[in-house]
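Data block below; observations after.
In what follows, every chain begins at residue 1, and chains take the letters A, B, ... in the order their sequences are listed.
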Amino acid sequence: MTFLLIRPDSWNFPLFVHVAGAMVVTAAVVAAIGALVLAWRATGEHRAALTRFAFRTLLFAGIPAWLVMRIGAEWIYSKEYSGDNDPTWVGVGYAIAEPSGLLILIATILTYLGARRLRSGRGGGGMAKVATVLATIAVAFFVVAIWAMTTKPS
Amino acid sequence: MYDTLLFLHVLGAFLLVAMLGVFWAMYLAGAPGWIAPLGNLAFPLWGLGSIAVLVFGIWLSFDVSVYNVYDGWILIAIVLWLVQGAFGSKLSQGYKNVASGVGGPPALSAHLIASGAVLLLLIDMVWKPGA
């Protein structure tokens with residue numbers, strides 16, 4: 001067991017950047033989902049305000065934090081692996097990282113369009129609902145990633 | 001066992017940070033009425049994440065032979081957990097009150113101290129000073 005718990009000091013900062021970014025992107029997406037779910041039940045100006053809130057949360061916190069998480073991941077990967085001996089859990093991380101980023105990006109665009117339409121009274125609630133589903137799938141991906149990073153299946 | 005405990009410990013930490021993110025988002029939005037119901041969600045989930053971090057963290061310290069609950073970095077973590085717990089409970093209770101229409105959002109200082117303690121917790125967990 002001990003070998004799993006020891007790593008070179010030079011890996012600590014990249015690992016910190018990766019984990020901190022992952023935590024913030026999760027927080028931002030969860031906050032956006034909360035606002036979007038509230039928007040489903042809201043009406044009028046409140047609905048538009050909640051959707052705009054979700055859009056801003058994804059744009060100003062979610063996407064930048066995803067980038068920090070991804071840069072941290074590549075940084076720690078470059079220190080830990082050479083590219084030809086990747087264990088399964090690293091593959092799981094790669095398989096999840098880009099799709100989750102794409103989901104967040106699409107959800108951000110949809111909340112922007114939805115908020116604009118809601119503000120002008122031309123609908124837009126459907127877009128916000130699709131964004132909610134996409135963001136929720138992204139969070140499910142994050143949980144799988146956390147499982148892979150902590151249990152490290154070979 | 002180690003893998004499961006670590007997964008639950010880290011999952012709890014993510015939940016805790018996610019709820020801090022909700023608190024910050026509500027604060028930065030000015031906690032208007034349309035966002036206030038989020039306080040009802042964040043209150044129990046922050047508690048769940050907070051408890052999971054502590055319980056599974058201490059369990060890990062017993063499960064892993066090279067760690068002891070009285071190691072310096074673990075004691076530091078427990079102190080930081082208490083700080084984030086004290087100020088995080090102020091936040092969660094404060095936003096629950098906002099959701100109930102009683103009072104305004106908690107002070108900026110409570111957000112900063114709770115978040116600072118969690119940031120230091122993460123640093124402590126990664127660097128494990130003295131381990």
Side-chain angles (χ1 to χ4, degrees), chain A residues 1-7 9 11-20 22-35 37-39 41-54 56-58 60-62 65 76 89 139 142-143 145-153, chain B residues 1-42 45-46 49 53 56 60-61 63-67 95 99 115 118-129 131:
Chain A
M1 184 62 67
T2 307
F3 71 97
L4 290 173
L5 309 171
I6 297 171
R7 62 176 167 265
D9 285 346
W11 294 8
N12 286 339
F13 188 65
L15 179 64
F16 169 75
V17 170
H18 175 54
V19 177
M23 286 181 154
V24 175
V25 69
T26 305
V29 176
V30 167
I33 290 170
V37 169
L38 287 179
R41 295 188 301 175
T43 55
E45 183 52 39
H46 284 182
R47 193 174 196 189
L50 281 161
T51 308
R52 196 165 55 245
F53 172 86
R56 287 177 177 167
T57 305
L58 289 171
F60 296 122
I76 187 75
W89 64 272
V139 170
F142 295 156
V143 173
I146 294 167
W147 169 81
M149 300 296 126
T150 52
T151 63
K152 294 183 170 39
Chain B
M1 182 62 123
Y2 168 80
D3 292 345
T4 305
L5 290 175
L6 184 62
F7 170 61
L8 294 172
H9 177 60
V10 175
L11 194 62
F14 270 76
L15 183 59
L16 171 63
V17 174
M19 292 308 110
L20 275 180
V22 171
F23 295 147
W24 268 110
M26 290 178 72
Y27 181 82
L28 293 173
W34 45 265
I35 199 74
L38 272 184
N40 286 326
L41 167 83
L45 292 182
W46 172 82
V53 164
F56 294 115
L60 271 169
S61 74
D63 186 65
V64 180
S65 58
V66 293
Y67 297 156
Y95 283 110
S115 303
V118 171
L119 179 64
L120 290 174
L121 259 174
L122 178 58
I123 290 169
D124 186 50
M125 290 293 117
V126 171
W127 271 270
K128 295 181 174 54

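Taking CE of A/M23 as the reference point, atom CG of B/L16 lies at 7.5 Å (rounded to 0.5 Å). With values rounded to the nearest 0.5 angstrom, A/R47 atom CZ is found 14.5 Å from B/W34 atom CH2. With rounding to the nearest 0.5 angstrom, the CZ atom of A/F16 is 5.0 Å from the CG atom of B/L122. From B/D3, atom CG reaches atom CH2 of A/W147 across 9.5 Å, with rounding to the nearest 0.5 Å. Here A/K152 contributes atom NZ and B/L6 contributes atom CG; the two are 7.5 Å apart, rounded to the nearest 0.5 Å. Taken from CH2 in B/W24 to OG1 in A/T57, the straight-line distance is 13.5 Å, to the nearest 0.5 Å.
Proximity to chain B (any heavy atom under 4.5 Å) is shown, for A/A42, by neither the backbone nor the side chain. Proximity to chain B is limited to the side chain of A/L38, based on heavy atoms less than 4.5 angstrom apart. Heavy atoms of A/F13 lying under 4.5 Å from chain B belong to its backbone as well as its side chain. With a 4.5 Å cut-off on non-hydrogen atoms, A/A20 touches chain B through its backbone and its side chain both.
Chain B forms more heavy-atom pairs under 4.5 Å with one residue of A/A61, A/A35, A/A22 than with any other, namely A/A22. The greatest number of non-hydrogen atom pairs below 4.5 Å with chain A, out of B/G21, B/A25, B/A13, is found for B/A25. Interface check for chain A: of the options B/V10, B/L38, B/V22, B/L20, the most heavy-atom pairs under 4.5 Å are formed by B/L38.
Residue-environment remark: CZ (A/R56) stays at or below the threshold of 12 foreign heavy atoms within 6.0 Å.
Within the 4.5 Å cutoff, the side chain of B/L11 has heavy atoms near those of the A/V143 side chain. The side-chain heavy atoms of B/M19 and A/V30, taken from C-beta on, include a pair separated by under 4.5 Å.
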